[in-house]
**Student:** 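Here it is, the structure in full.
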Amino acid sequence: MPKVVTRFAPSPTGFLHIGGARTALYNWLFAQHHGGKFLLRIEDTDRKRSSDEAIDAILHGMKWLGLDWDGEAVSQFAQAERHREVAYAMLESGHAYKCYATPEEIAERRDAARANGTSFRGDIWRDKDTTDVAEGTPFSVRIKMPREGEVTITDHVQGDVTVQNSELDDMILLRSDGTPTYMLSVCVDDHDMGVTHIIRGDDHLNNAFRQYQIYEAMGWDVPEFAHIPLIHGPDGKKLSKRHGALGVEAYEEMGFLPEALRNYLLRLGWSHGDEEIISTSQAIEWFTLGNVGRSPARFDFDKLDNLNGHYLRNTDSKRILELIEGTLSDAIGHAPTAEEKEKVILSIPAVSERAKRLPDIVDNVSCFCNIRPLALDDKAAKTLSGDDIKTMLSGVIAQLAGLSDWTLDTIKPAIMEFAEANELKLGKVMQPVRAAVTGGKQTGDLIDTLVILGKEETLSRLADQTAD
RNA sequence: GGUCCCUUCGUCUAGUGGCCUAGGACGCCGCCCUUUCACGGCGGAAACACGGGUUCGAGUCCCGUAGGGAUCACCA
């Protein structure tokens, strides 16, 4: 068995969308699983629709997701000369022929056929005598498809699929301007790059039969195929740029961790028994094409959120800080100081417990920075608006101010003592203190919060709420 | 319309003829924990599209119907 070589071949007409990301993931995983290679090729043969921005977006998306490819990303357009060479070889061997029909003529014939309920195979010049054609007349090169028989492809996901050769059209290999089409280019590149397994979207299943004939005509080994189902939007409709499909950078901006998205994408259409949380190394060990489902899946943000929350909780605080530093600066209006960062890091474990996305952490962790006077949310404002709250808070300040040690073991007894002395329930004291000190943010255990904040900051915030 | 593919809880899925009175996860509902919030724990509602076969026995195999999807470019 030859070494496994897979590839991801996006066209640079936009960002790397979620479906493409999953296709790339599966290709990457399959190659890793077999100790093979994973190649990246940019399908830029359509010069008009390709852009460098799109290429950058795709490369960035791949890197962010952690899908590293072997060697350099290859430009398909750069191989145009080789593709042309193959087209001419097919012309030479009689597997292709010149077509002098104009695009208008073709369109006309196609429309007529459609109206008749028949199909048009583009074969106007297939058997025509070309001796009368004037020198220099532009022509395209079309493949001469077999008209008899059928081909069965054993797809690694879809199983045996059979198509009658009579269904195949004489597709164009070389446009009349001499540029190769995608259909030709993919075959040549996949062959030249030694790709053994083509794992791609379901939408290419029909193309496999057309491409099969190119391999046959050239006498090349036909690669293995695996056509994975497409991803649909929450409403069950196909995900497209117009319809809810987002680039992976959008998920990055929304605050998802790449490992969470990877895990989600892996489970969307693939399974290993009841496993849900799957590490990358585990995924590499377990991934096989046979476990890929055959029906399209819907994208579900709730599940992604849940998974992301799991990974957030298990991520080192320092890394979280690095990830949120930029947005945190925006939130507090200045770049966090070293002292603020220290407090933020201490608060991250507790805050992460209740977060689904990075912005949730930023929002709650922001109150550990020096942003007095603290803005209060509605609930906190209401808690602090009660009768005698100011007096009570002043009492708490007095109680706490006397503490020489500011720790878990000194603060809690002090507050309890204060509550008892004033015949107040603990909650009646804790809730206003929490509101005054956090402004309503979710920060975990109150005493922990006070410890992290420090004595001075705590007392200042409390004092802020006793002033008129 | 032609061709091809698909069809288990709302969603992602387990299931490869008996282990299925169909399991897990997300979401939802209830309870517990609790100084807030969340996490967590416990419990609950919730599905084999339909109709025929084959078989001692079908979610699992075959056929049909319905529904969904893909594709039919000098785009990729």
**Student:** Out of A76(B), C37(B), G24(B), which nucleotide sits closest to the side chain of Lys303(A)?
**Tutor:** G24(B)
**Student:** Taking the nucleotide of RNA chain B with the closest heavy atom to each, which residue, Gly273(A) or Phe209(A), is nearer the 5' end?
**Tutor:**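 The 5'-side residue here is Phe209(A).
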**Student:** Would you verify whether the NZ or CZ of Lys343(A) falls within 45 degrees of the ring axis of Phe368(A) while also being under 6.0 Å from that six-membered ring's centre?
**Tutor:** no
**Student:** Looking only at side-chain atoms of His232(A), point me to the closest of C74(B), U3(B), G69(B).
**Tutor:**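 Of the candidates, G69(B) comes closest.
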**Student:** Is a donor from one side chain sitting under 3.5 angstrom from an acceptor on the other, for Ser176(A) and Ser140(A)?
**Tutor:** no
**Student:** Which part of the nucleic acid, if any, lies within contact of Ala208(A), taking any heavy atom under 4.0 Å across all strands shown: a base, the sugar-phosphate backbone alone, or nothing?
**Tutor:** nothing
**Student:** Tell me what Leu205(A) touches on the nucleic acid: a base, only sugar-phosphate, or nothing, going by heavy atoms under 4.0 Å.
**Tutor:** sugar-phosphate
**Student:** Looking at every strand, decide which applies to Arg298(A) at a 4.0 Å heavy-atom threshold: base, sugar-phosphate, or nothing.
**Tutor:**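 Answer is sugar-phosphate: Arg298(A) comes under 4.0 Å of backbone atoms only.
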**Student:** Given A14(B), is OP1 or OP2 found less than 4.0 Å from the side-chain N or O atoms of Ser271(A)?
**Tutor:**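 Ser271(A) to A14(B) OP1/OP2: side-chain N or O found under 4.0 Å.
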**Student:** Just by modelled atom types, is the Leu246(A) backbone N or O under 3.5 Å from a matching donor or acceptor in the His17(A) side chain?
**Tutor:** no
**Student:** In this structure, how many angstroms lie between the P atom of A73(B) and the CG atom of Asn207(A), rounded?
**Tutor:** 11 Å
**Student:** Looking only at atom P, what distance separates A22(B) and U60(B), rounded to whole Å?
**Tutor:**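 Looking at atom P only, A22(B) and U60(B) are 16 Å apart.
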**Student:** Considering every strand and a 4.0 Å limit on heavy-atom distances, what is the contact class for Thr162(A): base, sugar-phosphate, or nothing?
**Tutor:**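 Result for Thr162(A) = sugar-phosphate.
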**Student:** Under 4.0 Å, heavy atoms only, any strand: does Asp305(A) hit a base, just the sugar-phosphate, or nothing?
**Tutor:** nothing
**Student:** Look through every strand shown and name the nucleotide pairing with U71(B) as Watson-Crick or G-U wobble, where both distances are under 3.5 Å.
**Tutor:**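 When the pairing criteria are applied, G2(B) turns out to be the nucleotide that pairs with U71(B).
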**Student:** Base, sugar-phosphate, or nothing: which does Leu307(A) touch, judged by heavy atoms less than 4.0 Å apart?
**Tutor:**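 Since no nucleic acid heavy atom lies under 4.0 Å of Leu307(A), the category is nothing.
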**Student:** To the nearest angstrom, how far is Tyr311(A) atom OH from C39(B) atom C1'?
**Tutor:**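 Between C1' of C39(B) and OH of Tyr311(A): 17 Å.
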**Student:** Measuring from the side chain of Arg313(A) (C-beta onward, heavy atoms only), which nucleotide among C74(B), G40(B), U35(B) has the closest atom?
**Tutor:** G40(B)
**Student:** Side chain of Gln76(A), heavy atoms from C-beta onward: which of C39(B), A76(B), U71(B) has the nearest atom to it?
**Tutor:**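 Selected nucleotide (nearest to the side chain): A76(B).
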**Student:** For residues His227(A) and His156(A), establish whether the separation of their ring centroids is below 6.0 Å.
**Tutor:**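 No; His156(A) has its ring centre 6.0 Å or more from that of His227(A).
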**Student:** Looking at U36(B), C5(B), C37(B), which one has an atom nearest to any side-chain atom of Gln431(A)?
**Tutor:**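 Nearest nucleotide to the side chain: U36(B).
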**Student:** Just wondering, do His204(A) and A76(B) stack (centres under 5.5 Å, planes under 30°)?
**Tutor:**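 Check passed, His204(A) stacks on base of A76(B).
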**Student:** Hey, does the side chain of Arg357(A) reach the backbone of Asp305(A) with a donor-acceptor pair shorter than 3.5 angstrom?
**Tutor:**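 No.
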**Student:** A76(B), G24(B), U35(B): which one has an atom nearest the side-chain heavy atoms of Glu276(A)?
**Tutor:** G24(B)
**Student:** Given atom NZ of Lys98(A) and atom P of C74(B), what is their separation to the nearest angstrom?
**Tutor:**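 That distance rounds to 19 Å.
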**Student:** Have a look at Arg294(A) and say if it touches a base, only the backbone sugar-phosphate, or nothing, with a 4.0 Å heavy-atom cut-off.
**Tutor:**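 Counting heavy atoms under 4.0 Å across all strands, the contact made by Arg294(A) is with sugar-phosphate only.
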**Student:** Is the phosphate of U36(B) approached by Arg434(A) (side-chain N or O, under 4.0 Å from OP1 or OP2)?
**Tutor:** no
**Student:** Between Glu276(A) and Arg267(A), does any NZ, NE, NH1 or NH2 come within less than 4.0 Å of an OD or OE carboxylate oxygen?
**Tutor:** yes
**Student:** Tell me the interatomic distance from Leu450(A), atom CG, to U35(B), atom C1', rounded to whole angstroms.
**Tutor:**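 My rounded result for the distance is 11 Å.
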**Student:** Would you mind classifying the nucleic acid contact of Met183(A) as base, sugar-phosphate or nothing, using non-hydrogen atoms under 4.0 angstrom?
**Tutor:** base
**Student:** Specify the residue among Leu304(A) and Glu43(A) whose closest nucleotide of RNA chain B lies further upstream toward the 5′ end.
**Tutor:** Leu304(A)
**Student:** Mind checking if Asp44(A) touches a base, just sugar-phosphate, or nothing, with heavy atoms under 4.0 Å?
**Tutor:** nothing
**Student:** Checking contacts here: which listed nucleotide (C4(B), G27(B), U8(B)) is nearest the side-chain heavy atoms of Lys356(A)?
**Tutor:**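 That would be G27(B).
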**Student:** Within the 4.0 Å heavy-atom criterion, would you say Ser166(A) contacts the bases, only the backbone, or no part of the nucleic acid?
**Tutor:** nothing
**Student:** Ignoring the backbone of Asp302(A), work out which of U35(B), G69(B), G27(B) is nearest its side chain.
**Tutor:**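 Ranking U35(B), G69(B), G27(B) by closest atom to the Asp302(A) side chain puts G27(B) first.
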**Student:** Looking only at side-chain N and O atoms, does Thr45(A) come under 4.0 Å of OP1 or OP2 in A76(B)?
**Tutor:**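 For A76(B), OP1/OP2 do have a side-chain N/O of Thr45(A) under 4.0 Å.
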**Student:** The side chain of Asp203(A) is closest to which nucleotide in this list: U71(B), C4(B), C74(B)?
**Tutor:**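 Comparing U71(B), C4(B), C74(B) against the side chain of Asp203(A), the answer is U71(B).
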**Student:** Ignoring the backbone of Tyr182(A), work out which of A76(B), U3(B), G27(B) is nearest its side chain.
**Tutor:**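 In terms of side-chain proximity for Tyr182(A), the closest of A76(B), U3(B), G27(B) is A76(B).
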**Student:** Identify whether any heavy atom of Gly201(A) sits under 4.0 Å from a base atom; if not, whether one sits that close to sugar-phosphate; answer base, sugar-phosphate or nothing.
**Tutor:** nothing
**Student:** Determine the sole option in Phe287(A), Phe8(A), Phe38(A) for which the ring-ring contact (aromatic ring centres under 6.0 Å, His included) test with Tyr26(A) is passed.
**Tutor:**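 Exactly one pass, corresponding to Phe287(A).
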**Student:** Would Tyr251(A) and Phe299(A) count as a ring pair (Phe, Tyr, Trp, His ring centres under 6.0 Å) if you check the C-alpha gap in whole Å, the side-chain angles of each, and the deciding distance to 0.1 Å?
**Tutor:** CA-CA 13 Å; Tyr251(A) 293 87; Phe299(A) 196 90; 5.7 Å; yes
**Student:** Would one find a side-chain N or O of Arg110(A) under 4.0 angstrom from OP1 or OP2 of A73(B)?
**Tutor:** yes
